[in-house]
Amino acid sequence: MKVPLLDPTIQHRNIGADIEAAAIKVLRSGRYILGPAVSELEIALSAYCGVNHAIGVSSGTDALLMALMALGIGPGDEVVTTTYSFFATAGAISRVGAIPRFADIVPGTFNLDPDALEAAITPKTAAVIVVHLFGQCADMDRIDQIARTRGIPVIEDAAQAIGAEWHGRRAGSMGTVGCFSFFPSKNLGAAGDGGLVTTNDEALAERLRRLRNHGSQPRYFHALVGGNFRLDEIQAAILLAKLDHLDTWTSERQMNAATYERLLRPAEEAGMLRLPRAASGSRHVWNQYTLTIPDRRQEVIDRLDAAGIGWAIYYPLCLHLQECFVDLGGRHGDCPQAELTSATALSIPIFPGLSRSQLRYVADAVIGEQSRIDIDAG
Ligand SMILES: *Cc1c(COP(=O)(O)O)cnc(C)c1O
């Protein structure tokens, strides 16, 4: 048996005919840029995310960049964010000329620690980027309250968290702007790059729409400088074909997580590893299933390799320790929880379409013996 970390062809195997028909329709239409599929996707996703405005864009990275541009963040500004995320979160801050200030995470949740956020705020703080990592929302009640009382806008990096909820509110609807990615490994993945920005603020939505197309309004007249941040029509059509299945795929991810929990709980009780869990009041959409293994992570990796099982370490080096940010003065020990997590985290396959025997095969390889738990009984 072989189990990849992710198999993006599974979705295509199940609904391939619909996806191909949607793509062919666009190819034949001749409308390749900002056509009806982009508009239809924006309407569908604004409803899905519970926001007034959704704007299809070129990638999750560009969504973050545009969010900062639309909020007028630039040189002289600081933006506080988590040190434990994909690089794009921090890269966007530098690219607008602002300074990233990195804060630690809450152990176990992988998400920004509200106390660390509060401590990192200075008079120069112009925005906060909160990341909903691995498919679970950060503590948005506290983060929102900390930012709101100081009048600081919150950008949600919801690239890994489409459909996730925090106390009934959806990812991308709680902050000032939400940013999503349709990179193929995300829960709603395109056949290439794509992204989305969401907001409830009408004026901000208008600005984001202009920024997407070189700031142009009307055509060839530019009151602001934007870029080419457009979502391809063919990707929008493919995403629309997949969107109807997203909730089914999410519940499969949730069932896979529940199966792992049953199979791996004895290993957790024995102190071998720590399992990821959904916080109470949180709808976790499980973009990743990430264990923390305090000692001997490498031994588990060796067993997974020997068994032909895919794995990943997200993220091996915290953002405050990246070479490109050395001038910011980040040091080992600044964010101890995130640093410990990067040394102990290990993500295993969770994608929808995994069979129960594959889940058991992965769990057995993680613990190094055959699990005696009966997952078919309950
Ligand atoms: C994937 C991802 C991004 C970037 O999205 P792209 O579409 O790949 O540009 C940003 N932030 C996080 C947390 C991500 O996981």
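Computed from heavy atoms alone, side chains included, the values below leave out hydrogens, waters and symmetry copies. First listed ligand is number 1; within each ligand, the first listed atom is number 1. Because the structure is predicted, anything quoted here is derived from the model rather than measured.
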(message) Side chain or backbone, does Gly60 bring an N or O within less than 3.5 Å of an N or O on ligand 1?
(response) yes
Can you list, pair by pair, the side-chain donor-acceptor contacts under 3.5 Å of residues 14-21, counting residues two or more places apart and other chains?
unit_1: Glu20; atom_1: OE2; unit_2: His12; atom_2: NE2; d: 3.2

(request) Determine, stepwise, if the pair Arg207 / Asp201 fulfils salt bridge (charged side-chain N to carboxylate O under 4.0 Å, His left out). (result) CA-CA 10 Å; Arg207 241 176 122 73; Asp201 181 325; over 6 Å; no
(request) Answer yes or no: is there an ion pair linking Arg274 with Asp295, defined by an N-O contact shorter than 4.0 Å? (result) no
(message) Does this structure show an ion pair linking Glu118 with Arg150, if we count only N-O contacts that are shorter than 4.0 Å?
(response) yes
(request) For atom 3 (C) of ligand 1, state which one of Phe86, Tyr84, Phe87 supplies the nearest heavy atom. (result) Phe86
(message) Tell me whether Lys186 reaches ligand 1 (any heavy atom closer than 4.0 angstrom to a ligand atom).
(response) yes
With heavy-atom distances below 4.0 Å as the criterion, list the atoms of ligand 1 near [X].
X	result
Ser59	7 (O), 9 (O)
Ala159	2 (C), 3 (C), 10 (C), 11 (N), 12 (C), 14 (C), 15 (O)
Ala88	4 (C), 10 (C)
Ser85	13 (C)

(message) Less than 4.5 Å apart, side chain to side chain, heavy atoms only: is that true for Lys242 and Trp249?
(response) yes
(message) Are Glu339 and Asp104 packed together at the side-chain level, in the sense that at least one heavy-atom pair is separated by less than 4.5 angstrom?
(response) no
Can you tell me the protein heavy atom closest to [atom] and the distance?
atom	answer
atom 7 (O) of ligand 1	Ser181 OG, 2.6 Å
atom 11 (N) of ligand 1	Asp157 OD2, 2.7 Å
atom 9 (O) of ligand 1	Thr61 OG1, 2.5 Å

(request) Please state which part of Val131 comes within less than 4.0 Å of ligand 1, counting heavy atoms only: side chain, backbone, both or neither. (result) side chain
Please output the side-chain donor-acceptor pairs of residues 123-130 that fall under 3.5 Å, not counting sequence neighbours, one pair per line with the distance.
unit_1: Thr125; atom_1: OG1; unit_2: Thr122; atom_2: N; d: 2.8
unit_1: Thr125; atom_1: OG1; unit_2: Thr122; atom_2: O; d: 3.1

(request) Describe, in one word, how the ring planes of Tyr315 and Tyr84 are oriented to each other, choosing from parallel (under 30°), tilted (30 to 60°) and perpendicular (over 60°). (result) perpendicular
